[in-house]
Amino acid sequence: MKDYVYSYDPEGPYADHELTDFERQMIKDFLGGLFSDTAFSDLLQKAAASMKAGGMDPEDPDQ
């Protein structure tokens with residue numbers, strides 16, 4: 001059994017950990033559920049509106 005991955009620090013002890021197919025699928029499932037949640041979507045929209053109100057453009061951060 002693999003140790004639990006505590007950190008994704010590139011210099012950390014688990015920097016060479018490769019995700020298994022199961023881990024990769026679990027992350028995709030988590031993100032799919034998160035971004036389909038209306039409360040999370042509303043939060044992102046509010047954050048983007050606040051950034052625009054403050055003079056930042058969340059759709060073009062390099063400019």
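FYI, the numbering just counts along the sequence from 1. This is a predicted model, so every value here is computed, not measured.
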L31 side chain reached by K28 side chain, heavy atoms, under 4.5 Å: no

I27 with L34, same ILVMFWY side-chain cluster at under 4.5 Å: yes

Pairs flagged by salt bridge (Lys or Arg N to Asp or Glu O under 4.0 Å) wherever residues 35-48 is involved - sequence neighbours left out: none

With F30 via ring-ring contact (aromatic ring centres under 6.0 Å, His included) - residues at least two apart: none

Under 4.5 Å side-chain linkage, directly or through intermediates, the cluster mates of M51: M56

All salt bridge (charged side-chain N to carboxylate O under 4.0 Å, His left out) counterparts of D21, not counting sequence neighbours: R24

N/O donor-acceptor pair under 3.5 Å between E23 side chain and T20 backbone: yes

L44: partners by side-chain contact (heavy atoms from CB on, under 4.5 Å), with sequence neighbours left out: F35, F40

